[in-house]
Protein chains: 2
Amino acid sequence: MKTPAQRGRGTRGLTRDEVLDATLALAEDRGLDAVSMRAVADRLGVTPMALYRYVGDKQGLLDGLVERLLREMPDDDPALPWQDRLRAFGTGIREIARRHPDLFLLLFMRPSVTPEARRPRNAVQSMLRDAGVPEEIVQPLQRLLDTIGMGLAASEANGRFTGPSEEIDAVYALAEDLLLTAIERYARS
Amino acid sequence: MKTPAQRGRGTRGLTRDEVLDATLALAEDRGLDAVSMRAVADRLGVTPMALYRYVGDKQGLLDGLVERLLREMPDDDPALPWQDRLRAFGTGIREIARRHPDLFLLLFMRPSVTPEARRPRNAVQSMLRDAGVPEEIVQPLQRLLDTIGMGLAASEANGRFTGPSEEIDAVYALAEDLLLTAIERYARS
DNA sequence: ACCTGAACACCGTTCAAGT
DNA sequence: ACCTGAACACCGTTCAAGT
């Protein structure tokens with residue numbers, strides 16, 4: 001099936017953003033397994049080797065996808081009560097998982113140590129401090145919170161949570177209850 | 001590099017277990033990326049197509065690996081206090097992640113709906129019931145507990161948790177505290 | 001029933017070359 | 001600086017054939 005191939009993109013200046021846009025689009029309508037250097041290059045009307053300048057290699061391409069996913073996290077609003085900010089964090093991560101079910105699993109495959117990964121992490125730490133959590137447990141609690149949020153979203157995305165969606169909502173509600181209670185308890189002490 | 005190839009395995013009867021043993025061994029000393037139908041077949045001195053009878057396809061091979069991982073979970077001992085059983089569950093899952101850092105990530109890629117996956121799930125539900133948790137929240141709490149255990153172990157395995165191991169221990173300790181407290185609270189009500 | 005052999009349609013990446 | 005073309009060493013899987 002040799003596609004018509006959208007040739008002649010006029011300007012030959014490719015950008016990293018264009019490459020990642022094409023990758024995301026490809027992943028969205030043909031699945032993560034269909035993401036290959038060659039397929040992405042095809043979509044851009046370019047040779048596979050042209051991508052290497054912008055993403056390094058295949059792993060770099062996937063890391064770029066993770067970066068994009070994290071960028072979809074809503075901004076933290078420090079003016080709100082910390083309880084609302086915590087809930088916004090949860091629904092934000094859940095919506096990303098629902099938008100990109102199989103891409104989301106990449107978040108567990110790579111450390112995601114990019115600067116973009118620091119934004120949600122800092123947001124969580126800031127809301128914990130505002131809640132009054134003592135400094136020595138801010139980091140472990142933030143890590144636990146991140147893990148729970150990502151873990152629940154990933155479980156929903158990969159189909160580990162079967163059954164009606166109310167049953168899945170119940171797990172999120174339980175997590176929220178657990179975390180709010182624990183934070184209040186640590187803040188008091 | 002054409003290896004000598006261990007030919008003549010005498011009996012030509014291959015088994016699913018042998019296939020998975022070879023896969024696990026390959027993954028262990030050359031990484032998950034090195035796991036291919038062809039490489040596994042080579043290790044068994046057999047043609048790639050011979051594997052299809054036992055594992056279906058590549059995805060089936062990986063699902064078999066997940067099954068093997070879950071089988072490493074220690075048996076639940078219903079005679080112990082539920083708090084100890086909960087801790088055993090946590091350390092069990094953590095040890096698997098440390099033994100097979102990159103294999104562990106497979107647990108988030110596939111639903112793992114095999115019968116072997118039901119064993120740890122049932123163990124957790126049984127300890128929650130013994131703790132006195134009301135029936136309607138046994139399932140959501142079990143799911144949350146599984147997710148936290150697997151999420152923490154995966155985070156450690158993929159390098160998302162950096163820093164000294166005491167910092168990682170602190171996250172596990174916090175999770176344990178949260179869960180024990182919550183279970184007691186739900187059991188009372 | 002169980003395994004082989006050849007073939008098909010793909011991969012990621014290197015390297016040298018073009019402009 | 002940015003991109004191409006050809007080549008290398010791989011993939012998973014189908015299909016027909018062997019025993």
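Just so it is clear, the values below take in all heavy atoms, side chains as well, and ignore hydrogens, waters and symmetry mates. Source: prediction; values computed, not measured. Numbers restart at 1 for each chain; the letters A, B, ... are given by sequence-line order, proteins then strands.
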Does either side chain, that of A:Arg85 or that of A:Ser126, offer a donor lying less than 3.5 Å from an acceptor on the other one? yes
Pairing of A:Arg188 and A:Glu184 as salt bridge, 4.0 angstrom limit: no
Would you check, one step at a time, whether the test side chain to side chain contact (heavy atoms under 4.5 Å, CB included) holds for A:Met73 with A:Glu116? CA-CA 10 Å; A:Met73 276 294 279; A:Glu116 185 59 29; over 6 Å; no
Sub-3.5 Å pairs of nitrogen or oxygen atoms, protein against nucleotides 12-14 of chain C:
| unit_1 | atom_1 | unit_2 | atom_2 | d |
| --- | --- | --- | --- | --- |
| C:dG12 | OP1 | A:Met37 | N | 3.0 |
| C:dG12 | OP1 | A:Lys58 | NZ | 3.4 |
| C:dG12 | OP2 | A:Met37 | N | 3.0 |
| C:dG12 | OP2 | A:Arg38 | N | 3.4 |
| C:dG12 | N7 | A:Arg38 | NH1 | 2.4 |
| C:dG12 | O6 | A:Arg38 | NH1 | 2.9 |
| C:dT13 | OP2 | A:Tyr52 | OH | 3.0 |
| C:dT13 | OP2 | A:Lys58 | N | 3.0 |
| C:dT13 | O5' | A:Tyr52 | OH | 3.4 |

Identify all stems in which DNA chain C takes part, counting only runs of at least 3 consecutive pairs (Watson-Crick or G-U wobble, each distance under 3.5 Å), and give each as one range with another, ordered by first number. C:4-8 with D:12-16, C:12-16 with D:4-8
Correct closest heavy-atom pair for A:Leu152 and A:Ala175 would be CD1-CB, 3.8 Å
Decide whether B:Leu20 and B:Met49 are clustered together by the hydrophobic rule: side chain heavy atoms of Ile, Leu, Val, Met, Phe, Trp, Tyr closer than 4.5 Å, transitively. yes
Between B:Tyr54 and C:dA1, does any side-chain N or O lie under 4.0 Å from OP1 or OP2? no
Would you say A:Leu128 and A:Ile137 make side-chain contact, with heavy atoms under 4.5 Å? no
Provide, to the nearest angstrom, the distance between the CZ atom belonging to A:Arg53 and the C1' atom belonging to C:dT19. 13 Å
Quickly work out the B:Glu18 CD to C:dC3 P distance and round it to whole Å. 9 Å
In this structure, which one of A:Asp17, A:Asp63, A:Thr23 forms a side-chain hydrogen bond (donor to acceptor under 3.5 Å, both in side chains) with A:Arg68? A:Asp17
Which is it for B:Leu144 and A:Ile148 under the side chain to side chain contact (heavy atoms under 4.5 Å, CB included) test, yes or no, and what are the steps along the way? CA-CA 8 Å; B:Leu144 179 55; A:Ile148 293 177; 4.2 Å; yes
Calculate the interatomic distance between A:Asp42 atom CG and C:dA9 atom P; express it in whole Å. 16 Å
